[in-house]
Amino acid sequence: MKDAVEVAVEAALAAGKIQRERSQNIGRISSKGSHDLVTEVDILCEQEVIRIIKKRFPGHQFLAEESGASQGASSPSKWIIDPLDGTINYAHGFPCYCVSIGLEHEGEIIVGVVYNPNLDELFVAEKGKGATLNSKSISVSTIPKLKDSLLVTGFTPEVIHSLDDNMGAFRNFMKASQALRRPGSAAIDLCYTAMGRFEGFWELKLNSWDVAAGFLIMQEAGGQVTKLDGNPLSVYDREILASNGLVHDEMVDILGKE
Ligand code: 2AM
Ligand code: CA
């Protein structure tokens, strides 16, 4: 597994370098729908990440945001890749975006790497071996009450266009917590919860590439990650609730209200 961690880190740093270098020159922006963008940098980063991983693991499967699922490979190992999480931030020059790489083996996430090139923050987790930020061990916060918590959420394009638009939960959490943020990168939201900057995060209608790496980073940092109702979560579920564990039940209660 050490090899897989090393390759994931190499690929994440390479994509982060592209994001940094191209931040003033993001190239053509295409629209995948209103509120949903893809830049040339998303594509370049994805190609670079897959190229680096394939060189070392040619038989593995890939599931990546821009190119979808690889065809043909039947390996039990699958790389789940978001080459640029926070694309809308990137397109506006708002410095909150990252690359997110998870490795699933026999249905379980065993490696997670998230790299934020703006702050040069590299989050790494390996199943059973803990989580780190720039090689230093991280863990979730110890704040026990929701009223003293800083929470984070986001709004995917699908949620914005849905009747189930997260606004009820947003309002309820705004009143029940100390404060609420919505920075725009689910992978960073998960890592910040894992290292204790936030106490809890929830979001609807995410995809597996948004959460695969952060899911393991959260777990390895001692956090709790479930569906909104507190039941066990797979990264293919389209909703997520992640917290320091201590405020989890309070968050489940509030999410059950709407
Ligand atoms: P992205 O920038 O990689 O697309 C913000 O709430 C979060 O939603 C970000 O992590 C963003 O990731 C994600 N997101 C954006 N469009 C999405 C879509 N169509 N489906 C699921 N998640 C999406
Ligand atoms: Ca993306």
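All ligand and atom numbering here is 1-based and tracks the order in the structure.
- No salt bridge links Glu10 with Arg56; every basic N to acidic carboxylate O contact stays at or beyond 4.0 Å.
- Heavy-atom neighbours of Asp148 CG from other residues, nucleotides or ligands within 6.0 Å: above the threshold of 12.
- Side-chain atoms of Ser141 and Glu199 include a donor-acceptor pair closer than 3.5 Å.
- Those atoms of ligand 1 that come under 4.0 Å of a heavy atom in Glu203, given as number and element, are 5 (C), 6 (O), 7 (C), 8 (O).
- Side-chain contact check for Asn207 and Tyr236: no donor-acceptor pair (N or O, by modelled atom type) lies under 3.5 Å.
- Hydrophobic cluster membership differs between Val38 and Phe94, with clusters built from Ile, Leu, Val, Met, Phe, Trp and Tyr side chains linked at under 4.5 angstrom.
- Checking only distances, Gly154 never comes within under 3.5 Å of ligand 1, N or O to N or O.
- For the pair Ser185 and ligand 1, the shortest N or O to N or O distance does not fall below 3.5 Å.
- Side chains of Asn89 and Ser185: no donor on one and acceptor on the other come within 3.5 Å.
- Below 4.0 Å from some heavy atom of Phe155 lie the following atoms of ligand 1, by number and element: 6 (O).
- Residue-ligand proximity, Lys205 to ligand 1, at heavy-atom distances under 4.0 Å covers atoms 20 (N), 21 (C), 22 (N).
- Between Thr87 and Asp42, the side chains place a donor N or O and an acceptor N or O closer than 3.5 Å (distance only, hydrogens not considered).
- At a heavy-atom cutoff of 4.0 Å, ligand 1 is contacted by no atom of Ile88, backbone or side chain.
- With respect to the salt-bridge test (charged N to carboxylate O, under 4.0 angstrom), the residues Glu48 and Arg22 do not qualify.
- Less than 4.0 angstrom separates some heavy atom of Thr87 from each of these atoms of ligand 1: 2 (O).
- Ligand-side atoms of ligand 1 in range of Asn207: 18 (C), 20 (N), 21 (C), 22 (N), range being under 4.0 angstrom from any heavy atom.
- On a distance-only criterion, Ala187 and ligand 1 share no N/O pair closer than 3.5 Å.
- Comparing heavy-atom distances from atom 10 (O) of ligand 1 across Asp85, Asp210, Asp82 singles out Asp85 as nearest.
- Aromatic ring pairs are classed by plane angle as parallel below 30°, tilted from 30° to 60° and perpendicular above 60°; the pair Tyr97 and Tyr90 is perpendicular.
- Proximity to Ala186 (heavy-atom distance under 4.0 Å) selects the following atoms of ligand 1: 9 (C), 10 (O).
- When only interatomic distances are considered, the shortest N/O to N/O separation between Arg182 and ligand 1 does not fall below 3.5 Å.
- Looking at ligand 1, you won't find any N or O of Gly184 less than 3.5 Å from one of its N or O atoms.
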